[in-house]
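Notes follow once the structure below has been shown.
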There are 2 protein chains.
Amino acid sequence: MSVPEANAETRVLDATKRCCERFGLEKVTVDDIAVASGVSRATIYRMFPGGKDVLFEALRVRELEEFFAILRQRVEGATSIEDLLVRTVVAATQELRADDHLAVMLASAPGETLSQLTVDGVPRIIRFANAFLAPLAEAYLDHERARAVIDVLARLTISYFLAPSDTVDLGDETSARAFLDPFLTAILTEGAISS
Amino acid sequence: MSVPEANAETRVLDATKRCCERFGLEKVTVDDIAVASGVSRATIYRMFPGGKDVLFEALRVRELEEFFAILRQRVEGATSIEDLLVRTVVAATQELRADDHLAVMLASAPGETLSQLTVDGVPRIIRFANAFLAPLAEAYLDHERARAVIDVLARLTISYFLAPSDTVDLGDETSARAFLDPFLTAILTEGAISS
DNA sequence: AGACGATAAGACACAAACCGTCTCAGTGTC
DNA sequence: GACACTGAGACGGTTTGTGTCTTATCGTCT
């Protein structure tokens, strides 16, 4: 997981993740994390001034960065805008479903975790999605259009991940493509018409 | 797991078990258990005077009873003393390996759990083993001999469960039989000679 | 109806755990 | 030697948990 030589901050964040899975979000203490990361409590407060909240916040940011880094890497060879977007949604859905940490969090602290995926966390998720994916989309779309489509697709991906539908499986490429195509042509041509 | 109509004590013990798995032995509070079992905290203290320790103790006892009840049921058709003992060891090993709760406890609170399987808990385990299995063994052996052989087999079973050996698999009937037969004939005939 | 036992709810005092901040001493680096 | 970083741990304040107790509310039995 985290070798002793690794960056101290990385070690602490890894330990935080492990402790969350083991004790649950409500039950972790800074001391648990200090022991698990082999770092003194004082050091944690020095690294993350503000304590637990800041620490968890930093973990969430790191997870998001990791998530989108992997995602970008998985869709880099796309040949068209439709292809890019469909593959992104599919890959994101698969990543979400394969995320053990997220699964544990959803099971053990549904309230807080859901909030991070819906109410509170969504603006940031969309910010990250844009930061990582807009550069790819802007090969085909202007800045504003790229932002808009990433925004809506992010929301759809989250919704269908949290509450799967009988009629679509966004983790399946053909199903996702069939489902998204109308939306995409609508969104993409609409812009072309109105401009 | 535990239907609302079930005996209140059963509900509380079930909830204790669930909470242990979820939060870990160190992190459970009586309040957690009260909420999980749909019972007020006062009632728990009334049912288990002495609090948390007594409650956990009661859970361990129930688990042991359950374990040996299943075990006895699994070996009831034995045709000889060797058969009975080998099958008991094999069944016990398989039960231990299949026990999810035990696995979680061993992973999350190794110290306390191991102590219950070695230092502190062994006398009781052997007491229970005798209470449940001696009646079966005494079809073939006198009281003292039955106690002695159950004692040593219980210890062997625990040891090989905790630290599996490359040369024997007590969860496998043929392997276990080959391994145990010398012991058993030794123990059983030794008694016959010296008496 | 009235008596009874069991329960939920919650107040209470005490103890323990946790938090966040701080100091200080040790360690390695420039 | 100056410097930055760290571990250890003390601190005051707050929260959380414990175990006991009281009160009100049930359902049950007679």
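Keep in mind that this is a model prediction, so the values were computed, not measured. Just so it is clear, the values below take in all heavy atoms, side chains as well, and ignore hydrogens, waters and symmetry mates. Residue numbers begin at 1 in each chain, while the letters A, B, ... track the order of the sequences.
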A:Lys27 and A:Asp32 ion-paired at < 4.0 Å: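 Looking at A:Asp32 together with A:Lys27, the answer is no, because their closest N to O distance does not fall below 4.0 Å.
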Under 4.0 Å between a side-chain nitrogen and a carboxylate oxygen: does that hold for B:Glu57 and B:Arg124?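 Looking at B:Arg124 together with B:Glu57, the answer is yes, because their closest N to O distance falls below 4.0 Å.
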How do B:Val28 and A:Ser40 order along DNA chain D: which one's closest nucleotide is nearer the 5' end?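 The answer here is A:Ser40.
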Chain A footprint on DNA chain D, 5' to 3' - any atom under 4.0 Å from a heavy atom: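 Reading along DNA chain D, I get D:dT6 to D:dA10.
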Residues that, via side-chain heavy atoms closer than 4.5 angstrom, fall in one hydrophobic cluster with A:Val104: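 Other cluster members: A:Met105.
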Over 12 foreign heavy atoms within 6.0 Å of CZ, B:Arg62: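 Yes, CZ of B:Arg62 has more than 12 neighbouring heavy atoms, counting only those of other groups under 6.0 Å.
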I want to confirm an ordering. Mapping B:Thr43 and B:Lys27 to their closest nucleotides on DNA chain C, which one lands closer to the 5' end?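 By nearest-heavy-atom nucleotide position, the 5'-most residue is B:Thr43.
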Find which nucleotide of DNA chain C each of A:Arg46 and B:Met47 is nearest to by heavy atoms, and output the residue with the more 5' nucleotide.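 This one resolves to B:Met47.
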Expected output: side-chain A:Arg11 to main-chain A:Ser37 donor-acceptor under 3.5 Å: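 Side chain of A:Arg11 to backbone of A:Ser37: a pair is present.
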Please confirm whether the backbone N or O of B:Arg155 pairs with a side-chain atom of B:Ser159, one donor and one acceptor, at under 3.5 Å?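 Checked: no pair found.
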Contact interval (first through last nucleotide) of DNA chain C with protein chain A, 4.0 Å heavy-atom: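 Here the contact window of chain A covers C:dC18 to C:dC22.
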Just checking, any donor-acceptor pair under 3.5 angstrom between side chains of A:Ser115 and A:Asp120?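 Looking only at side-chain atoms, A:Asp120 and A:Ser115 do form a donor-acceptor pair, the distance falling under 3.5 Å.
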Go through the side-chain N and O atoms of B:Thr16 and B:Asp14 and say whether any donor and acceptor fall under 3.5 Å apart.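 On atom types as modelled, these side chains do not qualify, holding no pair under 3.5 Å.
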